[in-house]
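Notes to accompany the following structure.
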Amino acid sequence: MESFGARLHRAVRERGPLCVGIDPHPALLARWGLADDVDGLRRFAGAVVDALGDRVAVVKPQSAFFERFGSHGVAVLESTIRQLRERGALVLLDVKRGDIGSTVQAYASAYLDPSSPMHVDAITASPFLGVGSLAPMFELAAEHGGGVFVLALTSNPEGASVQRATTADGRTVAQTVIDEISQLNAGAEPLGSIGAVVGATVGETGCDLSAMNGPLLAPGLGAQGATAADLRVVFGSNLPAVLPSYSREVLGAGPDPEALRAAADRAVVGCRAALKLS
Ligand SMILES: O=c1ccn([C@@H]2O[C@H](COP(=O)(O)O)[C@@H](O)[C@H]2O)c(=O)[nH]1
């Protein structure tokens, strides 16, 4: 079975280094002329799928905006995931799950087991209960060619007080997360399947990312103020592993499909240049 790291590597080569989020904020629904209800949600997500599902390497539905509408919203999420995968996009579900290991096992089954209705290519996970507590996710991901992106240095300003705090051995919390992920990815080719989330807004990370051997998801571009040029400051020599992620910046161009595609294309061009890819 092909690993998530290998599938991501190929998708980025074929479609460009870009992840687009599906974040149906109430303000965006209004801007698109849609009602803030399940029907508006379905139309919004469907329009993004139709415009970008066969064009963008990775699409990242933000689960919270679907969960907002209860079981009907989750049903829209399930069908959005299915449609995206049919169009060839890798689906990274932004759910930021984490718990004690026995419960993480159930989260892993929910998202990384191919028999689940919510099966996706990769998920985001929170390491607050310890990176080791996420082991059931890593194991199921390895078994079925899935991926996990673990929060390390998040794009929000509040994250730094926890993530840059120094642990007993002198490393920052973020560095310990990176180091544990690096061990999981050791030896994987062309890229490991366990990624880290490092915001494009964070400036110099103070972390050594050189042994990561896995994808670095970079949210915070556009609406949160970071630009593609900031990626160089944040990631330095690790730029080739960076997967830049935009939500509102691209979604704000909708609902016209051509305008959505043009916004995504602009983002890819900017990111290619920043990442120094041809
Ligand atoms: O550190 C993080 C981790 C996740 N996110 C998520 O990414 C998108 C960002 O949306 P924009 O509209 O591009 O600001 C959103 O779903 C966040 O929950 C993040 O921003 N930072």
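For ligands, and for the atoms within them, numbers begin at 1 and follow the listed sequence. No hydrogens, no waters, no symmetry mates; every other heavy atom, side chains included, goes into these values. Only a predicted model underlies this, so the values are computations on that prediction, with no experimental measurement involved.
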query = With a 6.0 Å cut-off on ring centres, are His119 and Tyr111 close enough?
reply = no
Any residue meeting ring-ring contact (aromatic ring centres under 6.0 Å, His included) with Phe44, in chain and number order, not counting sequence neighbours = Trp32
remark   = Looking at His25, Lys96, Gln163, the heavy atom closest to atom 5 (N) of ligand 1 belongs to Lys96
Could you tell me whether some N/O pair between [X] and ligand 1 is separated by less than 3.5 angstrom?
X: Asn156; answer: no
X: Tyr246; answer: no
X: Thr154; answer: no
X: Ser247; answer: yes
X: Glu249; answer: no

query = Any idea which atoms of ligand 1 are less than 4.0 Å away from a heavy-atom of Leu221?
reply = 13 (O)
query = Any idea which atoms of ligand 1 are less than 4.0 Å away from a heavy-atom of Arg248?
reply = 11 (P), 12 (O), 13 (O), 14 (O)
query = Does some side-chain heavy atom of Thr166 sit less than 4.5 Å from a side-chain heavy atom of Arg171?
reply = no
request  = Let me see the working for Thr176 and Glu180 under side chain to side chain donor-acceptor pair (under 3.5 Å), right down to the final yes or no.
outcome  = CA-CA 6 Å; Thr176 65; Glu180 290 200 54; 5.3 Å; no
key: salt_bridge(Asp265, Arg261) N-O dist < 4.0 Å   = no
Give the residue and atom name of whichever protein heavy atom lies nearest to [atom], and the separation in Å to one decimal.
atom: atom 16 (O) of ligand 1; answer: Asp23 OD2, 2.5 Å
atom: atom 6 (C) of ligand 1; answer: Asp94 OD2, 3.4 Å
atom: atom 7 (O) of ligand 1; answer: Lys60 NZ, 3.1 Å
atom: atom 9 (C) of ligand 1; answer: Gln224 NE2, 3.5 Å
atom: atom 21 (N) of ligand 1; answer: Ser155 OG, 2.6 Å
atom: atom 18 (O) of ligand 1; answer: Gln62 NE2, 3.0 Å

inquiry  = For Phe4 and Phe149, take the angle between the two ring planes, folded into 0 to 90°, and tell me which bin it lands in: parallel under 30, tilted 30 to 60, perpendicular over 60.
reply    = perpendicular
request  = Determine the sole option in Leu134, Ile181, Val131, Asn213 for which the side-chain contact (heavy atoms from CB on, under 4.5 Å) test with Ile194 is passed.
outcome  = Ile181
query = Residues in side chain to side chain contact (heavy atoms under 4.5 Å, CB included) with Phe69, at least two apart?
reply = Asp36, Val38, Leu41
request  = Quick one: pull up CG in Leu90 and CZ in Arg7 and give me the separation to the nearest 0.5 Å.
outcome  = 5.5 Å
